[in-house]
Structures are given as C-alpha cells and as structure tokens.
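Have a look at the structure below, then the notes.
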Amino acid sequence: MKKILVTGGAGYIGIHICLLLLEQEFDVVIVDSLTNSNENSIKRLFDYKNKNFDIKNSTLQFYKGDIRDLEFLRKVFLESRNSGNSIDNVIHLAGLKSVSQSIDFPGKYWEVNVYGTLQILKVMEEFECKNFVFSSSATIYSQMQESPLNENAQISPINPYGKTKATVEEILKDFSKNKKQFWNFISLRYFNPVGAHPSGMFGEDPIGIPNNLFPYICQVGSARRDTLSIFGNNWPTNDGTCIRDYIHIMDLADGHIAALNFLNGEIDKVGSFIAVNLGTGVGTSVLELVEIFEKVNKLKINTHFTSRRLGDKAVVYANPEMAHKVLNWTSKRNIEDMCRDAWNWQLKNPSGY
Ligand code: NAD
Ligand code: UFG
C-alpha cells in the first residue's frame, strides 16, 4: 500500500485526511471538482507539505475534475500506472452533503453521490484497484433507533442525502459478493465531525450561511453573525436541547488511516464489506457545547431559542466499540480540544481559506 486516491480531498474532511497520509509517507492523489471547496486549501496543503514534511518520502498530486467524468478518472489512474506507482487504495469522500439541499435537488444528489461512486468503482475495476474506503453517515440510521447506535441498527434514512449514502452501501455489499472480482470495502459512518487541524491552517470553511452548529458558533464568536439560533428547547433531554456525538476532525482522519491498515492488513479479506461507526460514544447537548466553547475560548456566544428544525432527532451518539475491535481505533480528543481548535482556525482565518 502506497498510493492513495482521495476523492473530495480539497474539502473539509479530505484535507485533514491528506495531511495525515502525507505525514505517514503515503503518496496522495487528490481529485476534486472544487464545487464545495477552495483551491487555497490545496495550495496550503502543498505549502504545509513542503515546510513540514519535506524530509518525508511522500508525493502529492492534485487533479481538478468531476468524479462523474469517466475519461477524467481513467486519465488519473493511467498517469499513476505509467509512472510506475499505481493507485492501490481509494478514499472516497467526494459528494454533496447538505440535507436541506438534497430535498430541493434530489436528482443532483443521486447523480453525484450514487452515479459518481459507480463511475469510480468502474475505473477501479479497470485498473485492478480493489481497496475502497467510503464516507458514510450516521444519518442513515432509522429515526426510531435509540442511541448508542450499533452498526446493526436499522437503516432507514429520511432524506435524499441519507438515502444516497445508504444506497451506496447496498451497492458496495452487492459488489463484495461478486466471486469473480475481489473487492475490499469499508464504509465509515461518521457522526458529527468538527474542529480543525491544531496548526490553525486547515479547518471547516462553509460557503454562505453555515447549516451546521460548530461553524455557526465560530462565526457568532467572531461577530460575523449576531446570534446562534438553538433549534428547540423542549427536547426530551436534561436541558431540552439536542444531543450529538461530536468527533474531532483529526480523530476522524486517524480513523481513515486505521481503515486503510485494516483493508491492507494480514488477514485476506477476499471480497468483503464492513460498516463501522466513527464516533466517540459521548453525547453533548447544544447548550453544553456552547458553555464549553465559551469557557475554553473565554468569550460569549449570543444565543436564542427557535422552533425545532425539521428532521432533527433528540439524541444521536455512536457505539464506537466496533471501530475499537476491528480497526484498533479510538478517539483521543475531547470536546474541549474540538472547541479550542475550531476557534483557533476561526481566529486565524476569519473569512476562511
Ligand atoms: P466537503 O463538501 O467539504 O467535501 C466534499 C468535497 O467533494 C468538496 O471539496 C467538493 O468540491 C467535492 N466534490 C463534490 N462533488 C464533486 C464531484 N462531482 N466531483 C469531484 N469532487 C466533488 O464535505 P466534507 O464535510 O468534507 O464531507 C466529505 C464526505 O463525508 C462527504 O461524502 C459527506 O457526505 C461525508 N460526511 C460528512 C459529514 C459532515 O458532517 N461533514 C458527516 C457524514 C458524512
Ligand atoms: N443546531 C442548532 N443551531 C444551528 C445548527 C444546528 O441548534 O444553527 C443543532 C441541531 O438542531 C442539532 C445540532 O445542533 O441538534 C447539530 O446540528 P448539525 O447541523 O451540526 O449536525 P446534524 O447532527 O444535524 O447533522 C450532521 C451533518 C449530517 C450528518 C450528520 C451525521 O450535517 O450531514 O451530522 O450524524 F449526516
């Protein structure tokens, strides 16, 4: 195992995974259309590599293009093969991720997230690359399932975004049963990835008004937004606000290295599919999070309560035991680390990359 293709590598999660891969001396090839990211993240990655990993034996390449474009993907794989260093693993993050947008534009979501994934699998097959790590989501679990969520909990997504993720998992399962073509698949079901690289050079940079809690809090902290709307104060939790399993982005990135080690490990998997939660197993409410953020970063976040957001659930957190057992991975960073690193990124990059 040496050369890893990271689709969506310019995005929030991808760039942090690439940092770790380079640090650990993998060769990295990034494919990204930059539809939801900024070329400056890539420029910073090259700079960071040159400054910090210059003694490391790893290479970095970036291709701007769309995962739905078969010829483009073929070119990426072919150039690697011709260089004598073929791509042997794929971490597939490229995709669209907004729940609300997926309700307004379902066709776009099915096309990019499902058809796009099929195109990658097609080219991988042509180039005999069989190890595939997929970015799935805790959002695929049924709303009726109680936390902690195990991997065998019922899958029943309620929005097009979640349905595309669950469908890709079904596709991977079917492919893994093909006796003629041996695939090794791991689907990582992320809970709530937050925070930033401790350097403050990489972090989450949403386009427009943030949908998610963490970037919104950061923007209120830096006075870019006036106040945080807390969606509901009458949920059946101790303080009436929703509970989520926030996971530090660097722990999440570590989970991908663990997944690669698993796929390329000693045990011959001969056609396998496994789904693994990446979460901490710790639930934190919105009010608790705001309080910790204020305390750690010594600032005030203005908040007010509004009505519940459609599709939200009171409590969502992982049972992370499978990741520990199968991948030998556990999260190391706590909610204080997440708040500190997210704020450090915000302070150093008030308008993002
Ligand atoms: P992101 O939007 O920051 O990154 C996705 C990247 O994919 C972007 O850089 C975007 O430009 C690229 N992309 C989109 N469509 C493309 C296409 N057709 N061809 C090539 N590149 C394309 O999102 P992220 O938060 O880094 O998420 C990465 C993956 O993890 C996504 O698949 C997402 O669904 C999944 N995920 C994210 C979360 C989360 O909370 N961030 C939770 C669960 C799962
Ligand atoms: N919230 C607020 N105010 C905001 C934003 C969020 O109160 O401005 C609350 C939400 O109601 C929720 C919590 O903060 O209770 C977390 O919300 P996020 O939008 O940050 O995250 P979600 O748990 O709703 O969903 C996220 C991603 C999904 C992914 C899921 C995985 O957005 O794509 O985590 O569990 F699938």
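The chain is numbered in sequence order, starting from 1.
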E39-Y353 side chain donor-acceptor pair, cut-off 3.5 Å: no

Can you check whether S41's main-chain N or O pairs, donor with acceptor, with N38's side chain at less than 3.5 Å? no

Name all pairs fulfilling the side chain to side chain donor-acceptor pair (under 3.5 Å) condition that reach into residues 116-125, sequence neighbours left out, sorted by first residue then second. H92-T117, Y115-Q119

Suppose we screen for salt bridge (Lys or Arg N to Asp or Glu O under 4.0 Å). Which residues come up paired with R68, at least two apart in sequence or across chains? D66, E111

Salt-bridge criterion met for R309 and D312 (N-O under 4.0 Å): yes

Please name all residues satisfying salt bridge (Lys or Arg N to Asp or Glu O under 4.0 Å) with E169, sequence neighbours left out, ordered by chain then number. R189

Counterpart residues, salt bridge (Lys or Arg N to Asp or Glu O under 4.0 Å), relative to K300 (two or more places apart): E294

Partner set under salt bridge (Lys or Arg N to Asp or Glu O under 4.0 Å) for K332, not counting sequence neighbours: D254

Does the separation of the ring centres of F214 and W345 fall below 6.0 angstrom? no

Carboxylate-amine/guanidinium contact K75 D69, below 4.0 Å: no

Just grab all the side chain to side chain donor-acceptor pair (under 3.5 Å) pairs involving residues 314-325, residues at least two apart or on different chains. N150-N319

To the closest 0.5 Å, what do you measure between NZ (K2) and OG (S86)? 13.5 Å

Determine whether the aromatic ring centres of H256 and F262 lie less than 6.0 Å apart. no

Working to the nearest 0.5 angstrom, can you tell me the gap between D341 CG and Q346 CD? 13.5 Å

Looking only at side-chain N and O atoms, does Y246 offer a donor or acceptor that is under 3.5 Å from a partner on T280? no

